[in-house]
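Step one of this worksheet: look at the structure below.
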Amino acid sequence: MPRPYLRSGQSCQLFSKETKSPRVTEVRTMSYNTHEVENKWQRTWSEARVFEVEVDPSKPKFYCLEMFPYPSGNMHMGHVRNYSIGDAMARFQRMMGKNVLYPMGYDSFGMPAENAAKKEAGHPHSVTERNIAMIRADQERMGYSYDWRRMFATSTPEYYRWNQNMFLKFFEAGLVERRFAPVNWCNDCDTVLANEQVKNNRCWRCGLEVVQKDMAQWFLRMTEYADELLEELDKIEFPENVKAMQRNWIGRSQGAHIDFSVVGSDSVIGAFTTRPDTIFGVTFLTLSPEHPLCEELVSGTEYESAWLELRNECARMTEFERINMLKEKKGVPLGRFAKNPLSGEEVPIYAGNFVVASYGTGAVMAVPGHDQRDYDFAKKYGISVRPVLSRERDGEAIEENPVFDGLGWMINSNRESFDGLHGNEAKEAVISALEAEGTGHGTVQFRLKDWLLSRQRFWGTPIPMLHCDDCGVVPVSLDDLPVELPLDVKFSWEDSGNPLATNQEFLEATCPQCGKNARRETDTMDTFYDSSWYFMRFADSNNIARPFDPDKVNYWMEGGVDLYIGGIEHAVMHLLYARFFTKATRDLGMNLVGEPFGRLVCQGMLNAPAPFCVKCNSEYHVENFGGDCPNCGGKLSTRSVKMGKSLGNTISPGDMISKFGADTVRLFILFGANPEAGMDWSDSALEANNRQLNQIVDAFKIGSNIKSSPSDMDNWLLARLLDNRTRWTEAMDDVSLREGVMISHFEMLSDWQWYRRRGGSHAPTINRFLSSWAEMMAPATPHIAEEFWESLGGLGLVASNTLSEISDLSVRDWSEILASEEYLRDLIDSARNLKVLAQKHSDIPITKMVVQTALSWKAELAYEAVKLSRTNFDFKTKGQEYLKNLKIFEKESMRGEIFQTWMAMTAGSKKKRGRVNTWSEGQKNLVLGHFDETSVINKNSSFIASSLQIDTVVSYSVGDGEDVAGKAKVSFPLEPGISFI
RNA sequence: GCAGAGGUACCCGAGUUGGUCAAAGGGGCCGGACUUAAGCUCCGGUGCAUAGUGCUUCGCAGGUUCAAAUCCUGCCCUCUGCACCA
């Protein structure tokens, strides 16, 4: 049973306040008081608590989440786009009857708060609190439907105590490690960085060049999960580029670890290679200049100084120099030799600037015969080249440049049984031989490193560990959590480093093992740790006994977050950490799911115009608009580039809301581009969307004040409603928001306008149409939709209702009324074009249109053709035979014309397909139903006449009147001959 | 160099299981209606031709097909990520 969706006897008061102004009554477009409307509904929603949800196993759940923001002050347009997408989907899924979890929180630990605190000599805590209040107010102003009860900030002890709690559990499980390691250090930020946070050897945050330091650091053993992280990428619904980036980052490569013993020494050089099948082609080894063995090998020899020079050069090089220098491969001999474990050959050892210390073992077995880089190196230093793979079976291995680096057949092995093996078989044979002789083994190498977790910063989660002189490194006991950050800390530019390190009160602790004094760890956690599990906390935000209740998490997280929306910049870091974390907590028994995110949508860039110099190919700050290029003095043009502070081409959401209202901003954002696509900011497009919204307001105003009289158009309107809503539901379900909004905010309006133009005016139909329309508008423009809903007397709130039932419409066959209207539209369209042409042949203005519809035998033929086409009749082979047996075909004089018509209907010509293939279902129904074109045209003659701006329209079947302008011959079923007088 | 995404009319942008595609929608521009007047709203136009179903077009060049924006091959260009990764 369809749910009743209207209260009876409602009078319409839609925006009656607006009509007070005498000016407005003249203006045909209604505008509305956005602030009043938006405030009113935001208040109503909040009071009715419609967005508050709880676990309810009887309903399907939908977890809609946006990457929570770092609170840096006011909300910016990128946020607006992110949340407008999420909110539309959350609201849509609620309408679809889902139990929707849609939370918001703040990722509030991090460096910027420290810097701000220094600037104003305050505390990061107060800076953060203030910023959270600002961004939250902005979010509320946009009307986002969050369950605010679940809100939290990660910088509160209520949250970060669970960071610590889980850290200790990871520690117990052996996932935490403290070790000395060469780390990436940023002088500006005064802290180490994880590998993921170094971009082109620069700090991801401040851009300063990263230097290497050796320090004791805390690691999370993410590499334990490397395989699973890689393999499950195939199963999850991430965009391809994100998957590619993660695969790239994890960088699994399969190969062999091979030990080369150093001649005249006990040392062994382990090398990783993906091509063990080329082992017989090794003619030298290359170590990274930093390799510890280098020093040992050259110490006290004539080679020492050259090596030292190379090592120092590599160590002090800036990034720019390094890139430049690496165009040239450079190396020095170390004066020693290593023994190839399979061939027994002794090959020279080099140090090379191109060998990366941190990848693999920092040593490369060089095969110049089959590796381009090794080949170039060998040629430069006069080292021999030995090809050991052939392109063909039983072929030769030849030295060539560029080298052959594909898989081939082994040859020139100086041991039995290897020659003739190919590709993977060859690799396996070599590995088995190495394993049998204890000189190597098959192995997998990852580019992914363990997660370097510790930061030497204040504003983060304190790592809950203690340093005891007697017991060493000891975990804080679970009962002593949280280890809180002290609030009585002053920040200033003079003090560099971590204030925790000098805070006596914080530092002093008691060792839980021996009871003596201990020193607290002063490193805090990388803030990516905070965001690696926040989505699970949202399932149970206010739990004070544990991070989250497993039952709640398992309900909400089943299959992962259903829709996760955020920026592509987190493709590797956040998304990889969170995936790892979820698997780790799963293995601790805290949750069932292993992959945190189901469908991931990465919103596109938001661009805005900025001055641009074509010649210099660079963009400038907006203050240069109208001026000349600061670089070359040439004329500046405009280009759309990513919105950002550096160019000043930002748009303030607050200003836009004040000017046009939240609904217009949301409509613009959603209509401007699909979520994944980049989008350009345009003031004129924003204004156009505002006009569109005002037109809709106008439609509702007219629609609820109508004199009622039924007509055929009512069925048409309901048919359009059914079609639109079906397509809308599909589009929205697929997160194709642009398409969804196009239907709900554009096509619905133009259908409404056509209905009105055609004289539609029936209150029950209109009510039905408008109330469904109000629902369809709710995800994108919720405030105005709610206003419409109320004015129509709808029950409850659109925000909490499920979509009203329209299945009663779908049982009816609307194709004929749709086709008939389409016929009329097409007729007017072609007549309009023809009229222009006809006018050229006439000296006096055209006043009359004559429409000659096709003769009945043509309609009969069409009927036969359509009927046959429904049975998958093969017109090509059997069509002519069928035609010849028809009664009409008996008239010999007409056979030529009949044949032509039949062919046009069925087989078509080379260039045009037969009508049975091109007619829509509705058109076919018209043909089958013996659609009376003449009477439809005559019935609508005055409408057609006014559309075409002529006086009279007459229609008759060919032969029933004068053949004006000889148009009888072109008449065809559904394509009448049209002439103008 | 490797990987991923792309190149559609003045602009943005849909369309890519081949056919109803001269190609949705929006912006801009143009015309008409309404109006004292519009920056509002409504109707229409916006490749060329034409009293009609014709021609040319979807980065460039070929190919498959009765039929290509859509499929295949090669090339050019743009964006993004990774990069002496062994």
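Throughout, protein chains are lettered first and strands after them, A, B, ... in sequence-line order, and every chain is numbered starting at 1. Quick caveat, the model's predicted, so the values are computed rather than measured. All values below were derived from every heavy atom in this structure, side-chain atoms included, with hydrogens, water molecules and symmetry-related copies excluded.
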Is it the case that [X] and [Y] place a side-chain donor and acceptor less than 3.5 Å from each other?
| X | Y | answer |
| --- | --- | --- |
| His257(A) | Thr361(A) | no |
| Trp754(A) | Glu821(A) | yes |
| Thr847(A) | Asp951(A) | no |

Rounded distance in Å - [atom1] ([X]) to [atom2] ([N]):
| X | N | atom1 | atom2 | answer |
| --- | --- | --- | --- | --- |
| Trp249(A) | U80(B) | CH2 | P | 18 Å |
| Lys449(A) | C85(B) | NZ | C1' | 9 Å |
| Asn674(A) | C12(B) | CG | P | 17 Å |
| Phe446(A) | C82(B) | CZ | C1' | 18 Å |
| Asp405(A) | G1(B) | CG | P | 14 Å |
| Glu739(A) | G13(B) | CD | P | 17 Å |
| Met365(A) | C85(B) | CE | C1' | 14 Å |
| Ile568(A) | C82(B) | CD1 | P | 11 Å |

Under 4.0 Å, counting only non-hydrogen atoms across every strand here, what does [X] touch: a base, just sugar-phosphate, or nothing?
| X | result |
| --- | --- |
| Gly977(A) | base |
| Pro276(A) | nothing |
| Val355(A) | base |

Cationic tip of [X] above [Y] ring, under 6.0 Å, 45° of axis:
| X | Y | answer |
| --- | --- | --- |
| Arg738(A) | Phe671(A) | yes |
| Arg757(A) | Trp752(A) | no |
| Arg373(A) | Phe354(A) | no |

Exercise. Nearest nucleotide by nearest heavy atom, which residue falls closer to the 5' end of RNA chain B, Thr918(A) or Ser830(A)?
Worked result: Thr918(A)
Problem set entry | Between G39(B) and G25(B) - C1' atom distance, rounded Å | 24 Å
Exercise. Looking only at atom C1', what distance separates U46(B) and A23(B), rounded to whole Å?
Worked result: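 14 Å, rounded to whole Å.
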If we call it a pair only when both distances are under 3.5 Å in a Watson-Crick or G-U wobble match, what pairs with [N]?
| N | answer |
| --- | --- |
| C42(B) | G32(B) |
| U56(B) | none |
| G62(B) | C72(B) |
| U50(B) | none |
| A22(B) | none |
| C10(B) | G27(B) |
| A83(B) | none |

Report all interatomic pairs (protein N or O, nucleotide N or O of nucleotides 25-30 of chain B) with separations under 3.5 Å.
| unit_1 | atom_1 | unit_2 | atom_2 | d |
| --- | --- | --- | --- | --- |
| G25(B) | N2 | Arg738(A) | NH2 | 3.0 |

For this session: Might you work through the side-chain hydrogen bond (donor to acceptor under 3.5 Å, both in side chains) test for Asn248(A) and Arg447(A), ending with a clear yes or no?
Result: CA-CA 8 Å; Asn248(A) 218 322; Arg447(A) 191 176 167 275; 5.7 Å; no
Exercise. What about Phe377(A) and Phe284(A), are their ring centers closer than 6.0 Å?
Worked result: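 Yes, the ring centres sit under 6.0 Å apart.
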Exercise. Can the ring centres of Phe668(A) and Phe660(A) be said to be less than 6.0 Å apart?
Worked result: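 No; Phe660(A) has its ring centre 6.0 Å or more from that of Phe668(A).
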Write down the protein N/O and nucleotide N/O pairs, taken from nucleotides 43-51 of chain B, whose separation is under 3.5 Å; answer none if there are no such pairs.
| unit_1 | atom_1 | unit_2 | atom_2 | d |
| --- | --- | --- | --- | --- |
| C43(B) | O3' | Arg757(A) | NH1 | 3.4 |
| A51(B) | OP1 | His841(A) | NE2 | 3.2 |
| A51(B) | O5' | His841(A) | NE2 | 3.4 |
| A51(B) | O2' | Lys967(A) | NZ | 2.8 |
| A51(B) | N6 | Phe980(A) | N | 3.4 |
| A51(B) | N6 | Phe980(A) | O | 2.5 |
| A51(B) | N1 | Phe980(A) | N | 2.5 |

For this session: Salt-bridge test for Arg832(A) and Asp829(A): reply yes if a basic N is under 4.0 Å from a carboxylate O, no otherwise.
Result: yes
Exercise. Do any side-chain nitrogens or oxygens of Arg447(A) fall under 4.0 Å of OP1 or OP2 in A83(B)?
Worked result: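 For A83(B), OP1/OP2 do have a side-chain N/O of Arg447(A) under 4.0 Å.
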Exercise. Are OP1 or OP2 of C42(B) and a side-chain N or O of Gln695(A) less than 4.0 angstrom apart?
Worked result: yes
Problem set entry | Candidates Val403(A), Asp405(A), Val367(A), Ile383(A) - the one meeting side chain to side chain contact (heavy atoms under 4.5 Å, CB included) with Tyr375(A) |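 Among Val403(A), Asp405(A), Val367(A), Ile383(A), the one meeting side chain to side chain contact (heavy atoms under 4.5 Å, CB included) with Tyr375(A) is Val403(A).
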